[in-house]
Amino acid sequence: MDISLLLQFFINGCMLGMMYALVAVGFTLFFGVLDVIVFSHGDSVMVGAFAGLSFYLLCMYLSPGMPVWLVTLFVSFAGMAFVAGFGMLVSRFVIMPLRSAPALNTLLATMMLGTVMREAVRLFFPDGSNPKPFPRLLPDWSWKFGGALLRFDNIALFIAGGLLIVGVALLINHTRLGMAIRAVAQDAEAAQIMGVDFPFIVLLTFAIGSAVAAFAGLMNGLYYNEINFNLGLLLGVIGFSSAVIGGLGNIYGAILGGFVFAFLQVFGTVAMPFSSAYKDVFAFGVVIVLMAIFPTGILSERQSQRV
Amino acid sequence: MRQALTLNHISAAYGKADVLSDVSLTMEPGRITCLLGANGAGKSTLIKVLLGLLKPRAGEIFFEGENIAGLQPHEIIGRGIACIPEGRRIFPKMTVEENLYMGAYQEPSTERIRKKMAEVYALFPRLQERRAQLAGTMSGGEQAMVSIGRGLMPSPRLLIIDEPSLGLSPVLVSDNFRIIRRIGEAGTSVFLVEQNVRQTLAISSYGYVLSQGRIVARGNARDLRDDEAVREAYFG
């Protein structure tokens with residue numbers, strides 16, 4: 001096979017991996033802190049993309065002359081803030097009230113919430129059932145390496161996503177609030193006995209996880225230049241699988257899992273004798289095998305590690 | 001002198017099961033007050049109520065003259081109460097030092113945290129040697145040190161100690177009681193909740209006996225030692 005084509009696939013794998021890792025981080029944070037799987041998390045990614053698009057349109061309407069870099073920053077931060085706020089509402093009014101109920105109820109409630117979010121965007125966003133073009137906000141500089149095209153926007157998105165994940169990891173491992181998040185993940189009651197404001201930490205965790213998901217949504221829009229109301233469905237399942245194969249509750253596991261999944265897809269496209277349409281079948285198949293080999297995830301310890 | 005802690009007619013329940021009924025007690029400041037009771041007497045529930053982890057169904061809790069019943073746990077801790085919980089409950093995936101930091105979670109002054117940590121390390125030199133070790137990988141006795149040190153970190157005015165002897169060897173139990181006695185002598189009010197009657201009464205000044213959710217005996221530690229009700233609470 002052509003080396004430049006391989007490079008192209010590698011770049012694609014990196015981009016997908018970063019996107020999956022961003023989604024998986026949220027799954028793993030929520031599981032760590034509250035022992036719940038929040039199935040609407042994938043749809044938060046989609047809401048992030050649509051919020052970004054809406055803020056872009058708002059920007060264009062209010063001040064069409066705004067410089068592009070400023071629009072990009074505004075769209076990113078506003079989109080992330082919007083979904084962070086939405087995530088806090090979800091945790092306060094859906095997750096927390098179900099805390100004393102069996103975990104299965106939370107699972108079901110968040111699955112239904114995801115459907116509500118998808119359908120709400122489809123119904124209430126103008127012409128929401130059709131794919132929407134997402135603006136190209138990043139410069140279209142590119143460099144040719146042999147036959148492979150290295151695009152500036154890809155690099156920028158990859159670096160931004162990486163910085164975001166590093167930022168979350170630093171926050172959790174090296175700040176007082178991060179220590180409180182870890183304490184709640186390890187023993188919520190003991191953390192409260194130490195004086196940790198538990199409801200606040202839950203809100204904070206949902207704000208962080210949802211903002212990171214929103215960034216994945218923006219990244220998705222900027223990478224494919226098209227978004228649609230059900231993009232969160234597959235991303236959610238992939239993000240969840242990534243978190244599980246990495247070791248649910250472990251941030252580094254979520255990142256590893258995201259990239260493992262992305263490169264399985266790429267491998268399924270490039271190296272398998274069947275059509276690339278089966279890349280997901282191949283990737284999920286390998287995930288099942290991986291789960292059989294590492295029942296608690298690749299990076300988890302004997303008992304499942306939290307955050 | 002103002003009481004450190006007063007419980008007035010506290011009742012509590014899990015669902016429909018009454019666990020505490022009409023519990024009243026007072027604690028003198030700067031003393032070790034103990035609560036004795038067998039398994040299932042309601043001791044842990046009482047502590048949950050004190051810390052705000054369980055809302056009492058009725059009654060008042062006064063800490064230094066203010067009613068704290070119904071406050072959130074972090075607000076109650078903020079008033080100057082700390083707890084060394086039953087079963088140690090250290091954070092296993094945190095280092096010893098991080099565990100101690102968690103103890104002083106609400107303390108804003110890094111200067112005071114550092115000073116207090118030095119005190120804890122002076123009390124348990126073993127912890128200083130192992131301060132970078134994950135607490136979950138330590139022995140039971142060392143974890144008990146982490147838990148006690150963590151409880152001392154916020155310099156509480158009232159320290160609740162729940163079953164410090166649980167699951168420890170007799171030697172370690174004696175060590176722990178020696179340390180608790182020293183905490184009390186340093187002027188901290190201590191509420192010691194225990195099953196171990198003899199050693200607990202030896203270091204306490206006043207005691208209460210809880211049986212099936214009610215206070216069945218109270219008195220000076222010396223008098224309680226020979227009290228019939230104490231024996232009944234355990235064996236009757």
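Residue numbering restarts at 1 for every chain, and letters A, B, ... go by the order of the sequence lines. Quantities reported herein were computed from a predicted structural model and do not represent experimental measurements.
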Side chain proximity check, B:Y101 to A:R176, heavy atoms < 4.5 angstrom: no
Any B:L20 side-chain heavy atom under 4.5 Å of B:L210 side chain: yes
Criterion side-chain contact (heavy atoms from CB on, under 4.5 Å) against B:L7, the qualifying member of B:T26, B:V49, B:L25, B:I215: B:L25
Chain B-proximal positions within residues 196-204 of chain A [heavy-atom distance under 4.5 Å]: A:V196, A:D197, A:I201
Salt-bridge present (B:E163, B:K43; N to O < 4.0 Å): yes
What pairs of donor and acceptor atoms, side-chain ones from residues 140-157 of chain B against any protein atom, are under 3.5 angstrom apart with sequence neighbours left out?
{"residue": "B:E142", "atom": "OE1", "partner": "B:S139", "partner atom": "N", "Å": "3.0"}
{"residue": "B:E142", "atom": "OE1", "partner": "B:S139", "partner atom": "OG", "Å": "3.2"}
{"residue": "B:E142", "atom": "OE2", "partner": "B:R126", "partner atom": "NH1", "Å": "2.6"}
{"residue": "B:E142", "atom": "OE2", "partner": "B:R130", "partner atom": "NH1", "Å": "3.1"}
{"residue": "B:Q143", "atom": "NE2", "partner": "B:A135", "partner atom": "O", "Å": "3.3"}
{"residue": "B:Q143", "atom": "NE2", "partner": "B:M138", "partner atom": "O", "Å": "3.1"}
{"residue": "B:S147", "atom": "OG", "partner": "B:R88", "partner atom": "O", "Å": "3.0"}
{"residue": "B:R150", "atom": "NH1", "partner": "B:R89", "partner atom": "O", "Å": "2.9"}
{"residue": "B:R150", "atom": "NH2", "partner": "B:R88", "partner atom": "O", "Å": "3.1"}
{"residue": "B:R150", "atom": "NH2", "partner": "B:R89", "partner atom": "O", "Å": "3.0"}
{"residue": "B:R157", "atom": "NE", "partner": "B:E64", "partner atom": "OE1", "Å": "3.3"}
{"residue": "B:R157", "atom": "NE", "partner": "B:E64", "partner atom": "OE2", "Å": "2.7"}
{"residue": "B:R157", "atom": "NH2", "partner": "B:E64", "partner atom": "OE1", "Å": "3.0"}
{"residue": "B:R157", "atom": "NH2", "partner": "B:R79", "partner atom": "O", "Å": "2.6"}

Pair B:S165, B:E194: side-chain N/O donor-acceptor within cut-off below 3.5 Å: yes
